[in-house]
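Before any comments, here is the structure.
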Amino acid sequence: METFYSILPELIRIVICAACGAIIVFGNALVMGYAERKLAGHIMLRPGPMEVGFHGILQLVVDGLKLMGKQLVVPAQADKPLFMIAPLLAFAPVFVPLLVLPFSEKIQGFDLDVGLLLILAFASLNVLAILIGGWGSNNKYSLFGAFRSVAQNVAYEIPMLISLLAIVFMTNTFSLRDIAAAQSPVWFVVLQPLAFLIYIVAMVAETNRAPFDLPEAESELTAGFHTEYSGMSFSLFVLGEYANMFIVCSIATVFFLGGSSGIPLPYFEYSGAIWFLAKVYALMFFLVWIRWTYPRTRFDQLMNFCWKYLIPFSLVNLLITVVMVKLI
Amino acid sequence: MDVKSVVQQWQKMATSVEEVDYAVSGYDYSICLEGATVPAFASMMLEAGFYLVDLMAVHVEPAIEVVYQLAHVETRCRVMARAFVDEKGEIPSITDIYQGANWHERETRDFHGVVFVGHPNLEPLILAEEDVDLKPLLKTEKTLKDVAAVRRGQPEDEAAKPEAVKSPEQS
Amino acid sequence: MNVEVLEDERHHRFVLNMGPQHPSTHGVLRVLLELEGEYAMSLLPVLGYGHRCHEKIAEFKPAKSFMPNTARMDYLGALIYNHGYAQLLEKATGVEAPRRAEYIRVITSELNRIQSHLLWYGAYLLDLGAFTPIMYAFDDREEILDILEDITGSRLTYCYYRVGGVCKDIDDKFVTRTRAFIDRLRGRFPMYDELVNGNVILQKRLINVGDLTPQTCYRYGITGPLLRGTGVAYDLRRAEPYSVYPEFDFEVPTETSGDCMASFKVRFREMEQSLRIIEQALDKLPEGPVMAAKVPKKLKIPAGDYNSSVEAPRGELSYYLVADGSDVPYRLKVRTPSFSNLSVVPEMCEGMLLSDVVSAMGSLDLVIPEIDR
């Protein structure tokens, strides 16, 4: 009993964090789903959803209900267990990174010493989900999409990690809160512009979004790895994608854009979250913007870009950073 | 392109070369060929820089007539070359000369049943595999006309035409 | 996962069936691909899903009443298909369309050509993964459709031309709207140029992809923008002038590289030339009737064979008519440009990446119903 009372606050904290995580994941999907459709619409000279609610604001709620009501079709030749696991595997891991993100100085689930490693470890589970889904669908297009996805994500994780590593060398910590706090006079985007650029490119590729949306390149592979998915299993992939976007943009905010720092507001330890979210959604807007602007790259160009430019440049950047840190 | 020398070459291999009025018929030369000379004719045309516009068949009495339409990109010279298939319904393929003829020949095989000898893959193209013997564009006995009935032959047409280039008769 | 495998030395190839329902085949075309990794080692287009027996139908009804069928072959260049057919019968029967009718034909045909190119532009970029340009292209195209709908009564499968003229005269509203449209589209071109055509990703996807040479084009009978992209300035409006085209001043745009970028640019510049033609035609538009005075109800075609070739948006369109003296054609053969253009795919795309196959096939600007007829 003694021990129970001692860990009770921690348990409550976990429950609250999980609940907040769920709110963030679903709320983010609602906001981004609506924002993306609306932005895409306006970029494309059309109004986007207009029917349900004021300017279609309830469209995503209705869509969610519809998707829940739809039948889950499992193709006859599919590998059923794998086919069913894949969407869960794409969706479930996105909660963990949310626990360590410092939304403001005081709003943070857990401040782990290895926060960055935790995030990257769980983010790479997404690849596994796509591979399993593509393989389990027993569809040639899905398989192609899955293969492309694995090659792409494995390749782009490297420059992503190396560019973040440069920041870690400067701050000497993996803790996200400390990294955010280390940028009080100048944001790292000023000190590490190259790392920031590399991270942004890798971030787009990691989330499989246009112009690097090759795993689901619809003009080539119909819908890529999720060709066979319908109803809720499809929407779990979408939820996972938006949550992943949120996470990578949050990392960019923490590492390069000063986390929750900004013009002081009352109760800044908490209200800093407003700045944090503003930065995250600005980056997400950027992602949406380029998705609806650029054509898709070719697969070999994508890989060449990573191996021939991003990785060498990120390594050079890391080397320079290390030397500078040593000298100063 | 030198039209005159090309016409001379035609006259060597064709049974008849006739210049027709472009304003009425929409092409410049009408050439009648023996089935066997078609590949030689096609090679000559490719060398002269003609491109293959079309290849089609017309079902007339006494035999199915295969029509090759060719045109030149530099000078206006649109040619209709005709050749009858032999008794077995066969004619040499020109697919190895004009690769574009590949599909046209398969289509003609679909619609008229003309067999192009030397074609790499004479499978049905437009029709389904099971309709290989359908030959939908063949005329029935009632509708089949003699070749003379579909040739331009009215006297007033003849008068309007510029002087026709007749080739020396070949047997 | 059970993967179909081929026998013998090709056993490691992956057979992918692209189509008949696939976003980038633009219709019911099926392409059998044998892939090694991402590379397409052999391609086999399978046709016939949209075959509607147009040539057979033509042999069963009076030649005049085949006009609506022509529009259904190429739903994007319907007026130009009308034009070729009307011209064929006019040649054969000696009926002459009045000059005003010919001018109206040129104006509407060129509008139709721009409309077709705009749709290609949007759909091609969609193939390449750019989602937005199609909406801009459709925005412009919508204006053309509205203009044409006013005088022809339809928006896609027009049947506006008749033997001996056009069925309805144009009005002032048409003229003012068309002039406004010319200015509008001219204003849009710089935007297209800046936002899309200069994009580095687009250039990397198009340059040196799907190379053609003039010789290849002759062997396969490829015409239209693809041929002009290899440096041959062959346009039937110039090479075999028909209708009143000789009276207008326009260029035949060419590029020399012969790749997808070349035909992309050629099509783009053709739209500008079409605008020039329309502008001149509106300036010179003569007064008078739009139908020939005496067109017999039963149109007897003298025995003989007739050919009529026009420049369709995708290349050369030829009608070949064999007549036996009655009003029903003995044989009508339609030579459609996409048929010949598509037949080069097995040679052109061999050994290409899957993405390049999509990009090369998109540059052919395929309309499947005109291939199957």
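Chain naming here is simple, since letters A, B, ... match the order of the sequence lines and numbering starts at 1 in each.
- Counting only distance, with no hydrogens or angles, the side chain of Lys56(C) and the backbone of Pro136(B) share a donor-acceptor pair below 3.5 Å.
- Without hydrogens or angle criteria, Arg151(B) side chain to Ala303(C) main chain gives no donor-acceptor distance under 3.5 Å.
- The distance between the ring centers of His51(C) and Phe111(B) falls below 6.0 angstrom.
- In terms of heavy-atom proximity, Asn307(C) sits nearest to Tyr27(B) at CB-CD2, 4.0 Å.
- Note: His104(B) and Phe339(C) have tilted aromatic rings, judged against thresholds of 30 and 60 degrees for the angle between ring planes.
- Side-chain N/O atoms of Glu240(C) and Tyr22(B) include a donor and acceptor closer than 3.5 Å.
- With Tyr330(C) contributing its side chain and His59(B) its backbone, the two residues share a donor-acceptor pair below 3.5 Å.
- Ranked by heavy-atom pairs under 4.5 Å with chain B, the first of Ala239(C), Ser308(C), Pro337(C), Ser309(C) is Ser309(C).
- Under the 3.5 Å distance criterion, the side-chain polar atoms of Arg331(C) are matched with a main-chain donor or acceptor of Ala57(B).
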Item to check | Derivation and outcome, side-chain contact (heavy atoms from CB on, under 4.5 Å), residues Arg335(C) and Met56(B) | outcome: CA-CA 9 Å; Arg335(C) 186 265 190 208; Met56(B) 70 209 109; over 6 Å; no

Item to check | Tyr220(C)/Tyr51(B) under side chain to side chain donor-acceptor pair (under 3.5 Å): CA gap, chis, key distance, verdict | outcome: CA-CA 8 Å; Tyr220(C) 280 95; Tyr51(B) 72 94; over 6 Å; no

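- Of the listed residues (Asp372(C), Leu47(C), Asp305(C)), the greatest number of heavy-atom pairs within a distance under 4.5 Å of chain B belongs to Asp305(C).
- Once rounded to the nearest 0.5 Å, the distance linking CG of Asp96(B) with CZ of Arg219(C) reads 11.0 Å.
- A donor-acceptor contact shorter than 3.5 Å is absent between the side chain of Lys333(C) and the backbone of Asp54(B).
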